[in-house]
Every structure is written in structure tokens, then in C-alpha cells.
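Counting starts at 1 for both ligands and their atoms, following the listed order. The structure presented is a predicted model; accordingly, all values stated were derived computationally and were not measured.
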Amino acid sequence: MRKLVVNLCRLLLAVVFVFSGFVKAIDPLGTQYKIEDYLEALHLAGVVPDSLTLIFSVVLSAVEFCLGIFLLLAVRRKFTSFSVVSIMAVMTPLTLWLVIANPVSDCGCFGDAVVLTNMQTFLKNVLLLAAAIVVARWPKDMFRFVSDSTEWIAINYSALFILLTSLWCLYDLPLFDFRPYHVGADIKKGMEIPEGAPQPKFETTFILEKDGEKREFSIDDYPDSTWTFVDSRTVMTEEGYVPPVHDFSITTADGDDITDQVLGDTSYVFLLVAPYLEHADDSRLDLINEVCEYATQHGYPFLGLTSSGERAVARWRDMTGAEYDFCFTDGTTLKTVIRSNPGLVLLKNGTVIRKWSHNNLPVIEEAQAALPLEQMTIGSLPQDSVPRKLSQIMLWFVLPLVLLSFADRMWMWSKWVRNKEKKLSVITNIKKTKKRDMRKKIVAGNWKMNMNLQDGIALAKELNETLKADKPNCGVVICTPFIHLASIAQFLDQDIIGLGAENCADKEKGAFTGEVSAEMVKSTGAQYVILGHSERREYYKETPEILKEKVLLAQKNGLKVIFCIGESLAEREAGKQNEVVKAELEGSVFNLSEEDFRKIVIAYEPIWAIGTGKTATAEQAEEIHAYIRSIIAEKYGQAVADDTTILYGGSCKASNAPELFAKPDIDGGLIGGASLKCADFKGIIDAWKK
Ligand code: PEP
């Protein structure tokens, strides 16, 4: 409920501020004149230079407009609501003063667009002040249309837009003209008093004297002739109807009033309006004189209107070579007729057909000079100018802001989704890492068919000593050729380094020349055996069925199986890696009981990464490790999956091991090439210490 009230107040303030800022901004000169009226009421006329009042007019309107937009979009909520409440806190007592002292008849808060009495303005401000207090009390309740990160665009764009609009209107004419002399206005009609309209009422008081006594009488109790008239006083007791145009008159230098003649002219009349000739801009005299020449050629009257005296007119004539006559009109009226000094007005039959500022005067091309105004565009009223201007504002201001807000909301929404996903994945990773910490971590070496007995013993000894001196943080296993096993088992500290074979037969015993059974491996003192390595699958055609037998026999003889799975490059490129590893597990180890499966260590080794120097990226490896764990969970349940050690193998080195081992589903590595040198192997083992 509170939020609703705050947002309604914010909307009310926003609409009023945007409207009042905009209508003032599009008429900077009008706003300046109003400011000067206030200064005059405060007896400060002439104290503040015109340039300052004009700058103040532009800045004031821009601030008001921007605050309205900021409220609308809920930009810098605290600052904006504080500024608005401060402005209203100053404006409300000021308008109360207007009500009491009546220094100006119209406060000018909505320019000429909406004219309010001082009382109406005061009541409006009381309402706005209340709304501003509500918004300033709970600024954060305003819901936003643009986020912190993009609000600078809205701020700068609004300020730039309104300042440029003001400057353009200053250069040309107000974008919208709310005065009774706007294009299309019939001035004669604006002067009419409709039939039956209330007339002003006056009351006269007479002061008369008799025998030295002075008394006041009204018309109703006027005394007899024994009283002598001294004085009378007339005051207006009731205002009558005041027509929109009530102070427009044109007087010639000889004092003749030619207003009706000018307004009644059924042809065209050009009026060069220069309220104060002393300050008139004379930079476009050439164009003014050209228009005058054109008017004279076609018999259209061309008159100068000013409030300045004969001397100023004479100076202007000298300076510009003006051949047109000057007539006199009240300066304030002329400033209302056109916001340009000088400006050009085209009348026909008392109706304003066109208006031009001195910066934007019509250019009559040579080819057109012979044409009468009826045949020229400037000779008729412009078409649909209000809808066109409104659509321009929509296009240049409203649309970009709406698009910005929309893009911003979309961005924030996607950010929210991304953050949520990130948080979820962080939580999942934390959970996974915790579970991983419970599992056995292993770094196992696969010597393959490398090193003779002496070299093998030397390497095993070196490793044994090294790891005794610097205990590893994980399980370490070396899987050697069969012939090394018995010798190495003699001295290897198997509490630190486990010993394993690289293969065993799929038969228990018998006439299988050259084969080594699981029982024989076990009898050497070894505890592990690697089965399903891709090289054996490929070169020795070990099928899933053969491997299934080997696994059973190895387990029967008490060997711990490191079971290898992994896809070829072609399979990865075809996106079949998940399918391949699943089939390999199903073909050889998913037949085991849960108890037996718990004894298996899985080694995921993408074939394309083995001995090639190409490593799967940590992300690629983690993705498939997580998949392998998920299918183990499907088969044996989550608890078994969480306890299963899954190693990564394939060009694993000391340099990439830390990144790989940091992944929550990677529990260590099966190392080929890098296990043949003690230092290299130790480097990988130490990745668990980082
Ligand atoms: C392997 O053959 O098990 C292996 C991972 O080899 P490498 O580390 O040399 O790629």
C-alpha cells in the first residue's frame, strides 16, 4: 500500500515537473520575461543583466524537466526526491506570497500553456509539496525503470535533449506556441468580446463639501446642490471578460490607429516585429530587405512594428537602409507576438499565416520572386505542424528512453538469471568439492613398455626416497611392466606408494603362453592393476567381454582395478563421448555388485589426449567426469558415485595438473610419459598440495 502511494505521488510530481519544465524550456524568452516580471515586483528591475536572466531561464526549465524525468525513471532516487522536496519547500511559501501580495497576476509556472491564478498555483503547490514529502520519505519505494549502471545515459541524455531543445527554440521560435498570436490565430477574433460576456463593474465614490465638512457619497445617495463637489474615485469592483488579445494596436508616427486597417487587409501583410529596435539583431538585414522588396513588388504592405522611439527608428533606417514604414505598438505586446527581436510575421485577413525568427527568415529564390504568395508554400498555413512536432519529440526523446529502459530491464533480467545460475553452480561446486574431499585422491603412473629392470628399480627407489622425505597429499601408485614388480615390491614403502601391473590375463591359469595371471601379479606383492587401457583395447583387441573377465579375475585375486575408459578423436568430434564411456562401463564393470564396484578406480582417458600433448581442457574433463559420476549414480546410487575415484589421464603434466585437479569431479590422474621421471611425477603429485 505504501509503495503504491509513493509511486502515485512520484508519478504526479514527474508529470507536473516534466510538463512545466518542457513548456518553459521551449519558450526560453517567455520564461526570461516572467523572471524579469518577478524582479520588477521585487524592485530589482535592471539590476540583473538580461544575459543572466536568460541563462537562469534555460537552466531552471532544464532542471525542472530533468527532475521530472528522473522521477519518472526513478533515477538517483534519494538525490532526486531530496531536490524535488527542496524546490517545493521554496516554491510553496513563494506562491503564498503571490496570493497575499499579488505582485504578478500569473505565476508563469506552466509558461503560456496553462495560465493559473495565484490561488490555484498555491493550492497546486501545497498538493505537490505533500507528494514530494511522501516521495522523499521513502525514495527507495519508487520502482525503477533503469538500473544503476545505465542511469548515467538517461541523466545525460535528458539534460542534453532539453538544453538543445531550449537552444533551438531560442535560435528559432518556440516549438509550440501557446500565445494568442500563434500561427493560425485570427487576431481580430481574439479581440472580440462574445455577446453576453460579463462586463467589468465599477463603483464611483464622490467627495463633496458643505460648511467646511467633507463627506463621501455614492451615486445612489448623491446629496442636493448645497454640497460642493471636491473629488471622485472610481474602482473596479468586478472583473469582466478579458479577450485573449486585449492590448494589440498599431499606431502610425502621426498618431493614427491603423489596427483595423492592418487586420482587415484581405491580402497579405508583412510585419517586421522589433519590440526594442535598440537591441534588435541586424545580422540578417539582407534577407529582411529582400522580403520587403518582394512585398513591395507584389503590393503587399510591409510594416515595421516597434515600441522604440523615433530616434531608434531613424538609427535603424540609417543602419539598414530600411525603406518600410515603422508603426508603434506596446513593447510587451510585441514580445508576446513573436519571440524574436526582430521577427517577421505574415498576416492575411487578420490571421497569422507564418512567423519567422531573424535566424530563420524565408529566402525568396530568384525563380520564385515573380510568384504571388498564394502560389508559394509560405503563403498558406503550414500543415499538421503539432502532430509532426509531437512525433519528432517521440522519435528523438521518448523512443530512445523507452528503448533504453527496455534494454536495461532485459539486461538486468539476464544478469539476474546469470547470477542465479552462477550461484547455483558455485553451490553445486562447493558441495561437489566437499564430497570430493571425502574420496580417495590418487596419482598413478603408467610406465607402459619403458625402462629395463635396472632403470626401473632406480626410478622406483628415487621416488620412494623422495616421497618418504616429502609425504604426498594423495595416494600414489606406480604401475610397471610385470618383470619389475617383484624386485620393486622388495623395497617400496607401500604405505606411501602402491604398486601395480599394467595388465593381467583373462584366464585364471593354464596353457596361455606369454600371459601373466592376476594371481601371479598379486604374488609379486603388487596391489593394483590397470585394465582397459586404450592401447590394449586397440593393439591387442581387448573387447569389453575380455575386460569383464579380467576385472573379475583381478578382483578375485585381491587386486584393485584401475579401469580405463575414453573416446577416440572421431567419437569426440561426433559428440559421442558420453555414449562411448557409458558403453565401456556397462560392458565391463556395471555387472559388478555394489560392494565390488566400490573397489574400482575409474580412469577417464580421452584417446586423442594420450601421449599427444593435447590435454582436454579442465572444463571438458570436468564435464565428462561429472557425467561418468552421474551414470554411476544411476546404476549404484549417489552414495557409491560420491565415493568413486575418477582419475583423468592424457598428457597430464605438473603445469596443467593443478587446474585439472581443482575440478570437483576430478580425483587425480593416470600419468603416462610424465611418470617416467621422478621430478615430473613428483610435480604432478604436488598439485594436490596447492
Ligand atoms: C596413459 O597412457 O595412461 C597416459 C595418460 O599417457 P600420457 O600421460 O603420456 O598422455
Side-chain angles (χ1 to χ4, degrees), residues 441-451 455-456 459 463 474-482 484 497-504 526 528-542 547 550-551 554 559-569 571-572 577 580-581 584-585 588-589 600-618 620-622 624-625 628 645-661 663 665-688:
K441 289 155 282 182
I442 297 173
V443 173
N446 173 13
W447 287 8
K448 304 193 184 184
M449 199 173 77
N450 290 300
M451 279 183 292
D455 292 343
L459 174 59
L463 199 62
C474 60
V476 176
V477 178
I478 48 170
C479 296
T480 74
F482 294 128
H484 295 66
I497 309 176
L499 183 62
E502 298 167 15
N503 182 26
C504 70
Y528 288 86
V529 63
I530 296 174
L531 291 176
H533 193 281
S534 60
E535 285 152 13
R536 294 217 54 90
R537 287 181 196 253
E538 192 182 342
Y539 308 139
Y540 302 97
K541 307 295 172 223
E542 291 191 355
L547 290 170
K550 289 191 176 190
V551 171
L559 290 173
K560 290 177 203 154
V561 176
I562 299 175
F563 188 75
C564 302
I565 53 176
E567 79 286 358
S568 66
L569 185 59
E571 286 161 342
R572 158 98 19 195
Q577 62 273 26
V580 171
V581 294
E584 286 173 335
L585 289 171
S588 307
V589 289
I600 301 265
V601 170
I602 304 287
Y604 166 70
E605 297 198 311
I607 301 170
W608 47 272
I610 297 175
T612 58
K614 278 188 202 162
T615 335
T617 64
Q620 277 175 324
E622 168 59 20
I624 195 154
H625 276 233
I628 293 166
T645 298
I646 307 177
L647 309 181
Y648 168 79
S651 300
C652 185
K653 302 177 280 283
S655 57
N656 57 20
E659 198 192 344
L660 285 161
F661 295 176
K663 294 292 174 191
D665 283 299
I666 300 179
D667 307 313
L670 178 56
I671 318 298
S675 68
L676 298 176
K677 277 193 184 141
C678 179
D680 294 349
F681 196 48
K682 171 82 168 32
I684 297 172
I685 293 164
D686 286 347
W688 281 116

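Ligand 1 places these atoms under 4.0 Å from at least one heavy atom of Ala609: 10 (O). Which parts of ligand 1 touch His533 is read off a 4.0 Å heavy-atom cut-off, strictly below it: atoms 1 (C), 2 (O), 3 (O). Heavy-atom contacts of Gly650 reach the following atoms of ligand 1: 5 (C), 10 (O) (cutoff under 4.0 Å).
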- Would Val529 and Ile562 count as a side chain to side chain contact (heavy atoms under 4.5 Å, CB included) if you check the C-alpha gap in whole Å, the side-chain angles of each, and the deciding distance to 0.1 Å? CA-CA 6 Å; Val529 63; Ile562 299 175; over 6 Å; no
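The closest side-chain heavy-atom distance from Met451 to Leu676 is below 4.5 Å. Counting only heavy atoms from C-beta outward, the side chains of Arg537 and Ile607 never approach each other to under 4.5 Å.
Among residue pairs with one or both ends in residues 667-684, those qualifying as side chain to side chain donor-acceptor pair (under 3.5 Å) are Arg439-Asp667, Asp470-Lys682, Arg629-Asp667, Lys682-Asp686; sequence neighbours excluded.
The side chain of Asn446, and not its backbone, has at least one atom closer than 4.0 Å to an atom of ligand 1 (non-hydrogen atoms only; side chain from C-beta on).
The nearest heavy-atom contact from the protein to atom 2 (O) of ligand 1 is Lys448 NZ, 2.5 Å. Among all protein heavy atoms, the one lying closest to atom 9 (O) of ligand 1 is Gly673 N, 2.9 Å. The nearest protein atom to atom 3 (O) of ligand 1, hydrogens excluded, is given as Glu605 OE2, 2.6 Å; this is a heavy-atom distance.
In this structure, His484 and Trp447 have perpendicular ring planes: the angle between them is above 60°, well past the 30° mark.
The salt bridge (charged side-chain N to carboxylate O under 4.0 Å, His left out) search around Glu605 returns none, not counting sequence neighbours.
For ligand 1, the polar-atom distance check finds no N/O of Leu670 at less than 3.5 Å from any of the ligand's N/O atoms. Taking any N or O of Thr612, backbone or side chain, none lies under 3.5 Å from an N or O belonging to ligand 1.
Taking all heavy atoms of Gly445, Gly672, Ala674 into account, the minimum distance to atom 4 (C) of ligand 1 is reached by Gly672.
Tyr648 places a side-chain N or O within donor-acceptor distance of the main-chain N or O of Ala616, the cut-off being under 3.5 Å.
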